[in-house]
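In this text, all values refer to a predicted model and were calculated from it rather than measured experimentally.
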Amino acid sequence: DPDLDLSIRFGEAQQATGVLTALNVLSKEGATIKETGLHVLEALQGDVNVSFPFPMGAAPDAMVKWPDGTEEPLSIKTVTPFEVYKGTDGFLRTRIDRNSRPTKLMTPWHIPQIQLNMLCTGAKRGWVLYMSSLNGARLFRVDRDQSYITAMSFWVRRFATLYGSRAPPSNFFLAEDYNNYRAFLTATKKLASRAFEHAFIKQRWVQRSP
(Lines give C-alpha, C1' and ligand atoms only; values in the text may rest on other atoms or scores of the structure.)
Protein backbone atom coordinates (compact mmCIF):
# COMPACT_ATOMS: atom_id res chain seq x y z
CA ASP A 1 0.00 0.00 0.00
CA PRO A 2 1.84 3.17 -1.18
CA ASP A 3 -0.15 5.46 1.16
CA LEU A 4 0.63 3.33 4.20
CA ASP A 5 4.31 2.99 3.30
CA LEU A 6 4.63 6.76 2.87
CA SER A 7 2.86 7.43 6.19
CA ILE A 8 5.13 4.99 8.04
CA ARG A 9 8.31 6.51 6.63
CA PHE A 10 7.11 10.04 7.36
CA GLY A 11 6.21 9.06 10.91
CA GLU A 12 9.64 7.55 11.53
CA ALA A 13 11.33 10.71 10.22
CA GLN A 14 9.21 13.03 12.37
CA GLN A 15 9.15 11.04 15.62
CA ALA A 16 12.08 12.88 17.20
CA THR A 17 10.50 16.24 16.39
CA GLY A 18 7.29 15.08 18.05
CA VAL A 19 9.13 14.05 21.22
CA LEU A 20 10.88 17.43 21.32
CA THR A 21 7.56 19.21 20.82
CA ALA A 22 6.04 17.38 23.79
CA LEU A 23 9.14 18.12 25.88
CA ASN A 24 8.94 21.85 25.12
CA VAL A 25 5.36 21.86 26.44
CA LEU A 26 5.74 19.60 29.48
CA SER A 27 9.12 20.95 30.60
CA LYS A 28 7.33 24.16 31.59
CA GLU A 29 5.57 22.02 34.22
CA GLY A 30 8.80 20.45 35.45
CA ALA A 31 8.82 17.28 33.32
CA THR A 32 11.76 15.73 31.50
CA ILE A 33 11.82 13.13 28.73
CA LYS A 34 13.47 9.72 29.02
CA GLU A 35 14.49 7.48 26.15
CA THR A 36 12.80 4.11 26.46
CA GLY A 37 12.43 0.72 24.85
CA LEU A 38 10.31 -2.41 25.27
CA HIS A 39 8.39 -2.72 28.55
CA VAL A 40 7.53 -6.38 29.13
CA LEU A 41 4.35 -6.90 31.11
CA GLU A 42 5.66 -10.06 32.76
CA ALA A 43 8.59 -8.07 34.18
CA LEU A 44 6.30 -5.54 35.88
CA GLN A 45 6.28 -5.87 39.66
CA GLY A 46 2.96 -6.27 41.41
CA ASP A 47 -0.38 -7.78 40.41
CA VAL A 48 -1.50 -6.50 36.99
CA ASN A 49 -4.95 -8.17 37.31
CA VAL A 50 -5.11 -9.17 33.63
CA SER A 51 -3.86 -12.12 31.64
CA PHE A 52 -2.93 -12.68 28.01
CA PRO A 53 -2.43 -15.95 26.12
CA PHE A 54 1.14 -15.00 25.20
CA PRO A 55 3.88 -12.66 26.47
CA MET A 56 2.84 -9.02 26.17
CA GLY A 57 4.82 -5.80 25.97
CA ALA A 58 4.67 -2.20 24.81
CA ALA A 59 7.21 0.25 23.42
CA PRO A 60 6.21 3.91 23.93
CA ASP A 61 8.09 6.51 21.92
CA ALA A 62 9.39 8.06 25.16
CA MET A 63 8.64 8.30 28.87
CA VAL A 64 7.61 11.56 30.54
CA LYS A 65 9.28 11.86 33.95
CA TRP A 66 7.91 14.21 36.61
CA PRO A 67 9.81 15.74 39.56
CA ASP A 68 8.24 13.26 42.01
CA GLY A 69 9.67 10.36 40.00
CA THR A 70 6.41 9.40 38.28
CA GLU A 71 6.87 8.19 34.70
CA GLU A 72 4.18 8.19 32.00
CA PRO A 73 4.31 6.85 28.41
CA LEU A 74 4.30 9.17 25.40
CA SER A 75 3.18 8.19 21.90
CA ILE A 76 3.76 10.31 18.79
CA LYS A 77 1.25 10.19 15.93
CA THR A 78 2.18 12.13 12.81
CA VAL A 79 -0.20 13.44 10.18
CA THR A 80 1.47 13.02 6.81
CA PRO A 81 1.04 15.89 4.32
CA PHE A 82 1.64 13.56 1.37
CA GLU A 83 -1.05 12.03 -0.83
CA VAL A 84 -0.43 9.25 -3.32
CA TYR A 85 -2.56 9.43 -6.47
CA LYS A 86 -2.61 7.91 -9.95
CA GLY A 87 -1.70 10.33 -12.71
CA THR A 88 -3.33 10.46 -16.11
CA ASP A 89 -0.48 8.34 -17.41
CA GLY A 90 -1.38 5.58 -14.94
CA PHE A 91 1.71 6.01 -12.75
CA LEU A 92 1.53 6.68 -9.01
CA ARG A 93 2.56 10.17 -7.99
CA THR A 94 2.83 12.16 -4.76
CA ARG A 95 1.46 15.61 -3.90
CA ILE A 96 1.40 17.72 -0.74
CA ASP A 97 -1.80 18.52 1.13
CA ARG A 98 -1.01 21.78 2.92
CA ASN A 99 -4.25 21.58 4.88
CA SER A 100 -3.37 18.36 6.74
CA ARG A 101 -3.85 19.12 10.43
CA PRO A 102 -3.55 17.35 13.79
CA THR A 103 -6.84 15.79 14.82
CA LYS A 104 -9.01 17.92 17.11
CA LEU A 105 -10.10 14.85 19.09
CA MET A 106 -8.16 11.74 19.97
CA THR A 107 -8.84 8.96 17.47
CA PRO A 108 -10.47 5.82 18.96
CA TRP A 109 -8.09 3.38 17.24
CA HIS A 110 -5.19 4.73 19.32
CA ILE A 111 -6.95 4.05 22.64
CA PRO A 112 -5.94 0.36 22.91
CA GLN A 113 -2.30 1.24 22.26
CA ILE A 114 -2.02 3.96 24.91
CA GLN A 115 -3.94 1.83 27.44
CA LEU A 116 -1.54 -1.05 26.78
CA ASN A 117 1.38 1.37 27.18
CA MET A 118 0.06 2.35 30.60
CA LEU A 119 -0.52 -1.27 31.59
CA CYS A 120 3.01 -2.38 30.66
CA THR A 121 4.71 0.63 32.25
CA GLY A 122 2.55 0.69 35.38
CA ALA A 123 1.49 4.27 34.68
CA LYS A 124 -1.79 5.94 35.66
CA ARG A 125 -1.72 8.43 32.77
CA GLY A 126 -0.43 8.52 29.22
CA TRP A 127 0.25 11.14 26.56
CA VAL A 128 -0.45 11.23 22.83
CA LEU A 129 0.90 13.93 20.52
CA TYR A 130 -0.64 14.38 17.07
CA MET A 131 1.75 16.37 14.90
CA SER A 132 1.36 17.73 11.40
CA SER A 133 4.20 18.98 9.25
CA LEU A 134 2.63 22.34 8.38
CA ASN A 135 -0.15 23.09 10.88
CA GLY A 136 1.11 22.54 14.40
CA ALA A 137 0.43 19.78 16.93
CA ARG A 138 -1.99 18.74 19.68
CA LEU A 139 -1.04 17.03 22.93
CA PHE A 140 -3.64 14.86 24.68
CA ARG A 141 -3.62 13.43 28.19
CA VAL A 142 -5.29 10.05 28.70
CA ASP A 143 -6.21 8.43 32.02
CA ARG A 144 -5.76 4.73 32.60
CA ASP A 145 -9.00 2.74 32.60
CA GLN A 146 -8.57 -0.65 34.26
CA SER A 147 -12.00 -1.94 33.28
CA TYR A 148 -11.22 -1.19 29.64
CA ILE A 149 -7.83 -2.94 29.90
CA THR A 150 -9.58 -5.99 31.38
CA ALA A 151 -12.06 -6.01 28.48
CA MET A 152 -9.22 -5.58 25.99
CA SER A 153 -7.38 -8.59 27.40
CA PHE A 154 -10.60 -10.63 27.12
CA TRP A 155 -10.84 -9.94 23.39
CA VAL A 156 -7.17 -10.77 22.87
CA ARG A 157 -7.71 -14.13 24.61
CA ARG A 158 -10.86 -14.76 22.60
CA PHE A 159 -9.06 -14.02 19.35
CA ALA A 160 -6.27 -16.44 20.29
CA THR A 161 -8.83 -19.13 21.15
CA LEU A 162 -10.88 -18.75 17.98
CA TYR A 163 -8.22 -17.89 15.40
CA GLY A 164 -4.86 -18.66 16.93
CA SER A 165 -4.02 -21.15 14.20
CA ARG A 166 -6.09 -19.90 11.26
CA ALA A 167 -6.91 -16.68 9.44
CA PRO A 168 -10.02 -14.91 10.78
CA PRO A 169 -12.94 -13.90 8.54
CA SER A 170 -13.82 -10.27 7.91
CA ASN A 171 -15.36 -8.47 10.92
CA PHE A 172 -14.80 -11.64 12.92
CA PHE A 173 -15.86 -10.41 16.37
CA LEU A 174 -19.03 -8.81 15.04
CA ALA A 175 -19.98 -12.18 13.62
CA GLU A 176 -19.01 -14.19 16.72
CA ASP A 177 -20.19 -11.97 19.57
CA TYR A 178 -21.96 -8.95 18.11
CA ASN A 179 -23.49 -7.27 21.18
CA ASN A 180 -20.48 -7.60 23.49
CA TYR A 181 -18.02 -6.48 20.87
CA ARG A 182 -20.18 -3.50 19.91
CA ALA A 183 -20.19 -2.53 23.58
CA PHE A 184 -16.37 -2.71 23.59
CA LEU A 185 -16.17 -0.49 20.49
CA THR A 186 -18.54 2.00 22.14
CA ALA A 187 -16.34 2.06 25.25
CA THR A 188 -13.32 2.72 23.03
CA LYS A 189 -15.02 5.71 21.44
CA LYS A 190 -16.07 7.08 24.85
CA LEU A 191 -12.50 6.92 26.16
CA ALA A 192 -11.27 8.76 23.08
CA SER A 193 -13.85 11.50 23.58
CA ARG A 194 -12.75 11.92 27.21
CA ALA A 195 -9.08 12.45 26.35
CA PHE A 196 -8.06 15.90 27.57
CA GLU A 197 -6.45 18.32 25.12
CA HIS A 198 -3.50 19.51 27.18
CA ALA A 199 -2.07 21.87 24.58
CA PHE A 200 -2.34 23.03 20.99
CA ILE A 201 1.08 23.96 19.63
CA LYS A 202 1.01 26.39 16.74
CA GLN A 203 3.28 25.69 13.81
CA ARG A 204 5.70 28.51 14.66
CA TRP A 205 6.32 26.91 18.08
CA VAL A 206 7.23 23.48 16.65
CA GLN A 207 11.00 23.28 17.02
CA ARG A 208 12.71 21.57 14.10
CA SER A 209 16.27 22.79 14.68
CA PRO A 210 18.48 23.66 17.71
Chemist: Say whether Q207 and N24, considering side chains only, have a donor N or O and an acceptor N or O under 3.5 Å apart.
Modeler: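 Side-chain D/A pair, Q207 to N24: present.
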Chemist: Mind checking the CG-CD spacing from D61 to E35? Nearest 0.5 Å is all I need.
Modeler: 11.5 Å
Chemist: Is there a side-chain contact between N180 and W155, using heavy atoms and a 4.5 Å cut-off?
Modeler: yes
Chemist: Which is it for R157 and S153 under the side chain to side chain donor-acceptor pair (under 3.5 Å) test, yes or no, and what are the steps along the way?
Modeler: CA-CA 6 Å; R157 292 194 305 274; S153 68; 3.3 Å; yes
Chemist: Are M56 and F154 grouped together when hydrophobic residues (ILVMFWY) are joined by side-chain heavy atoms under 4.5 angstrom apart?
Modeler: yes
Chemist: For the hydrophobic clusters of this structure (ILVMFWY residues joined by side-chain heavy atoms under 4.5 Å, transitively), does one cluster hold both L119 and L191?
Modeler: yes
Chemist: Given side-chain contact (heavy atoms from CB on, under 4.5 Å), test E71 with K34 step by step and report yes or no.
Modeler: CA-CA 9 Å; E71 296 186 9; K34 283 183 59 179; 2.9 Å; yes
Chemist: Contact between L174 and Y178 at the side-chain level, heavy atoms closer than 4.5 Å - yes or no?
Modeler: yes
Chemist: Tell me whether I114 shares a hydrophobic cluster with V40, the cluster being built from Ile, Leu, Val, Met, Phe, Trp, Tyr side chains joined at under 4.5 Å.
Modeler: no
Chemist: Using the ring-ring contact (aromatic ring centres under 6.0 Å, His included) criterion, which residues pair with F172? Sequence neighbours excluded.
Modeler: F159, Y163
Chemist: Any idea which heavy atoms bring F54 and V156 closest together, and the distance?
Modeler: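 Shortest heavy-atom separation between F54 and V156 comes out as CZ-CG1, 3.5 Å.
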Chemist: Tell me who clusters with V79, hydrophobic residues only, linked when side chains sit under 4.5 Å apart either directly or through other members.
Modeler: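 Listed partners: none, V79 stands alone.
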Chemist: Quick one about Q14 and R208 (side-chain donor to acceptor, distance below 3.5 Å, no hydrogens or angles considered), yes or no?
Modeler: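 Indeed, the side chains of R208 and Q14 share at least one donor-acceptor pair under 3.5 Å.
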Chemist: Can you list the residues that meet the ring-ring contact (aromatic ring centres under 6.0 Å, His included) rule with Y148, with sequence neighbours excluded?
Modeler: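 F184.
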Chemist: So how far is it from M118 CE to D143 CG, rounded to the nearest 0.5 Å?
Modeler: 7.5 Å
Chemist: Taking L105's backbone N and O only, do any of them form a donor-acceptor pair with T103's side chain (distance below 3.5 Å, no angle check)?
Modeler: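 Yes.
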Chemist: Supply the atom-to-atom distance E42 CD to F52 CZ, rounded to the nearest 0.5 angstrom.
Modeler: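 It is 9.0 Å, given to the nearest 0.5 Å.
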Chemist: Just by distance, do the side chain of R138 and the backbone of P102 share a donor-acceptor pair under 3.5 Å?
Modeler: yes
Chemist: Taking the side chain as everything from C-beta on, heavy atoms only, tell me whether K189 gets closer than 4.5 Å to R194.
Modeler: no
Chemist: Counting C-beta onward and ignoring hydrogens, is there a side-chain heavy-atom pair between T78 and E12 closer than 4.5 Å?
Modeler: no
Chemist: Look at the side chain of S27 and the backbone N and O of A31, then say whether any donor-acceptor pair between them is shorter than 3.5 Å.
Modeler: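 No; zero donor-acceptor contacts below 3.5 Å.
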Chemist: Keeping R144 on the side-chain end and A123 on the backbone end, is there a donor-acceptor pair under 3.5 Å?
Modeler: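 Between the backbone of A123 and the side chain of R144 there is a qualifying donor-acceptor contact (under 3.5 Å).
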Chemist: With ILVMFWY side chains joined below 4.5 Å, transitively, what does V64's cluster contain besides itself?
Modeler: V19, L20, L23, V25, L26, I33, W66, L74, I76, W127, L129, M131, L139, I201, W205, V206
Chemist: What's the spacing between M106 CE and K77 NZ if we round to 0.5 Å?
Modeler: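 M106 atom CE to K77 atom NZ measures 8.0 Å (nearest 0.5 Å).
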Chemist: Please give me the minimum heavy-atom distance between T188 and P108, naming the atom from each residue.
Modeler: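 So the two residues come closest at CG2-O, 3.2 Å.
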Chemist: How long is the gap from CG on N179 to CZ on R182, to the nearest 0.5 Å?
Modeler: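 Taking CG in N179 and CZ in R182, the distance rounds to 9.5 Å.
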Chemist: Distance from T121 atom OG1 to H39 atom NE2, nearest 0.5 Å?
Modeler: 6.5 Å
Chemist: Compute whether any side-chain donor of one residue and acceptor of the other, for S75 and N117, lie under 3.5 angstrom apart.
Modeler: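 A pair is found: one side chain offers a donor N or O, the other an acceptor, under 3.5 Å apart.
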Chemist: Please list, chain by chain and in numerical order, all residues satisfying ring-ring contact (aromatic ring centres under 6.0 Å, His included) with Y130, sequence neighbours excluded.
Modeler: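 Scan of Y130 (ring-ring contact (aromatic ring centres under 6.0 Å, His included), adjacent residues dropped) gives H110, F140.
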Chemist: Answer with yes or no whether the side chains of Q203 and N135 bring together a donor and an acceptor at under 3.5 Å.
Modeler: no
Chemist: Considering only heavy atoms from C-beta outward, does the side chain of L116 approach that of P112 to under 4.5 Å?
Modeler: no
Chemist: Pairs in or reaching into residues 109-128: which pass salt bridge (charged side-chain N to carboxylate O under 4.0 Å, His left out), with residues at least two apart or in two chains?
Modeler: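 Qualifying pairs, neighbours excluded: E72-R125.
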